[in-house]
Amino acid sequence: RSFAQSATAEGRFGRALVVGEQYAAAERNPIYFVVPMTVECWARVGAAGGPQKAKSGPTILLANEPRHSVTHWELYAQKDTGHLAASIPGWDAKEIASSRDVVDGKWHHLAMVFDGKTLRLFVDAQEVATKDVKKIAPYPDTGPLTFGHFPGVESNRDLLLDEIRISRVARPITQVPAAPFQPDADTVGLWHFDEPAEPFADASLTRNAAKLARVTAEAPGGGFDGTL
């Protein structure tokens with residue numbers, strides 16, 4: 001099988017992105033930081049090598065823009081604990097962390113809901129962390145939306161990602177999704193990863209397909225060439 005063909009495996013619904021030698025990224029779009037916002041995905045962390053090995057480093061799930069940018073946000077599992085956490089440096093929230101371990105080799109529906117004042121984290125439709133934040137102003141920068149990796153940052157790669165959805169509304173997270181997400185008027189990004197090979201279509205009206213990129217230690221923060 002080719003590099004691209006090995007980038008998906010059986011997922012929560014259909015196929016899922018395999019993070020390993022590769023990750024995926026969608027080109028930069030300012031719509032991924034429209035507030036209010038909801039970021040969701042299904043993730044299975046630590047299924048291949050075991051949870052303890054997977055916790056030897058952080059697991060980056062989704063990240064938008066470079067870390068020093070006002071438009072950066074990042075959803076991840078913490079090193080050692082596996083606790084779901086998020087950061088939005090454009091607000092005074094260097095980190096908001098839950099006490100819920102999601103690095104257990106099982107599928108979990110993960111969500112971050114931000115209305116501009118309060119950031120909330122959910123695991124399997126249960127609120128696990130909340131924090132009121134105020135806006136600050138680091139300088140802006142540009143870069144892609146990345147799935148399963150942040151360029152230039154070493155993180156755990158024992159990860160499957162499925163059903164990534166970004167919405168320009170604070171969605172109520174009241175139940176675990178029982179089916180693949182369907183796009184609606186507030187969906188600004190939706191990747192199912194069901195294609196046999198890249199590019200992975202964006203089912204939202206944004207139509208920003210995700211492409212594979214190799215994980216390299218030298219990758220500059222905020223950029224990828226999309227070539228394999």
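- Checking W42, F181, F147 one by one against W191, the ring-ring contact (aromatic ring centres under 6.0 Å, His included) holds for a single residue, F147.
- In this structure the side chain of P89 never reaches within 4.5 angstrom of the side chain of E74, judged on heavy atoms.
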**Request:** Decide yes or no on ring pair (Phe, Tyr, Trp, His ring centres under 6.0 Å) for W73 and F114, but give the supporting numbers first.
**Result:** CA-CA 11 Å; W73 53 257; F114 182 48; over 10 Å; no
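- Using a cut-off of 4.0 Å between Lys/Arg side-chain N and Asp/Glu carboxylate O, D184 and R171 are scored as salt-bridged.
- Connection of V188 to V113 is not established within any shared hydrophobic cluster, with ILVMFWY side chains joined at heavy-atom distances below 4.5 Å, either directly or through further cluster members.
- Between P151 and T146 there is a side-chain heavy-atom pair separated by less than 4.5 Å.
- Taking both residues in full, the closest heavy atoms of A201 and E195 are given as N-OE2, 3.0 Å, listed atom of the first, atom of the second, then distance.
- Hydrophobic clustering, with ILVMFWY side chains joined whenever heavy atoms are under 4.5 angstrom apart, groups V123 together with V103.
- One finds the CG atom of D202 at 7.0 Å from the CG atom of L190 (value rounded to the nearest 0.5 Å).
- Counting heavy atoms from C-beta outward, H149 and R157 have side chains that stay 4.5 Å or more apart.
- A salt bridge between R165 and E40 is present, with a side-chain N of the basic residue lying under 4.0 Å from a carboxylate O of the acidic one.
- Formation of a donor-acceptor pair under 3.5 Å by the H108 side chain with backbone atoms of A43 is not found in this model.
- The closest side-chain heavy-atom distance from L145 to I166 is below 4.5 Å.
- K131 NZ: more than 12 foreign heavy atoms inside a 6.0 Å radius.
- Separation of atoms CG (L110) and CG (L62) is listed at 8.5 Å; rounding is to 0.5 Å.
- Cation-pi check for R12 over W107 is not met; the charged atom does not lie both under 6.0 angstrom from the ring centroid and within 45 degrees of its normal.
- Cluster annotation: F122 and I164 are assigned to distinct hydrophobic clusters (Ile/Leu/Val/Met/Phe/Trp/Tyr, side-chain heavy-atom contacts under 4.5 Å, transitive).
- Between atom OG1 of residue T59 and atom OH of residue Y76 there is a gap of 11.5 Å, rounded to the nearest 0.5 Å.
- One distance of note links CG of D194 with OG1 of T8; it measures 8.5 Å at 0.5 Å rounding.
- M112 and V133 fall within the same hydrophobic cluster, defined by Ile, Leu, Val, Met, Phe, Trp and Tyr side-chain heavy atoms under 4.5 Å apart, directly or through other members.
- The heavy-atom pair separating L84 from L121 by the smallest distance is O-CD1, 3.8 Å.
- Note that CD of E10 is 9.5 Å distant from CG of L160, once rounded to the nearest 0.5 Å.
- Under the 3.5 Å distance criterion, the side-chain polar atoms of S204 are matched with a main-chain donor or acceptor of T206.
- If you chain together hydrophobic residues whose side chains sit under 4.5 Å apart, I173 and V169 never meet in one group.
- Separating the CD atom in E95 from the CD1 atom in I88 is a distance of 12.0 Å, to the nearest 0.5 Å.
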**side chain to side chain contact (heavy atoms under 4.5 Å, CB included) between H72 and S87, intermediate numbers included** = CA-CA 8 Å; H72 175 74; S87 65; 4.1 Å; yes
**Request:** With side chain to side chain contact (heavy atoms under 4.5 Å, CB included) as the test, would you mind laying out the steps for K53 and D158 before giving the verdict?
**Result:** CA-CA 9 Å; K53 183 178 180 180; D158 184 356; over 6 Å; no
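- Nearest heavy-atom pair, A24 versus L17, reported as atom, atom and distance to 0.1 Å: CB-CD2, 3.8 Å.
- None of D80, D101, T81 except one satisfies the side chain to side chain donor-acceptor pair (under 3.5 Å) rule with K55; the exception is D101.
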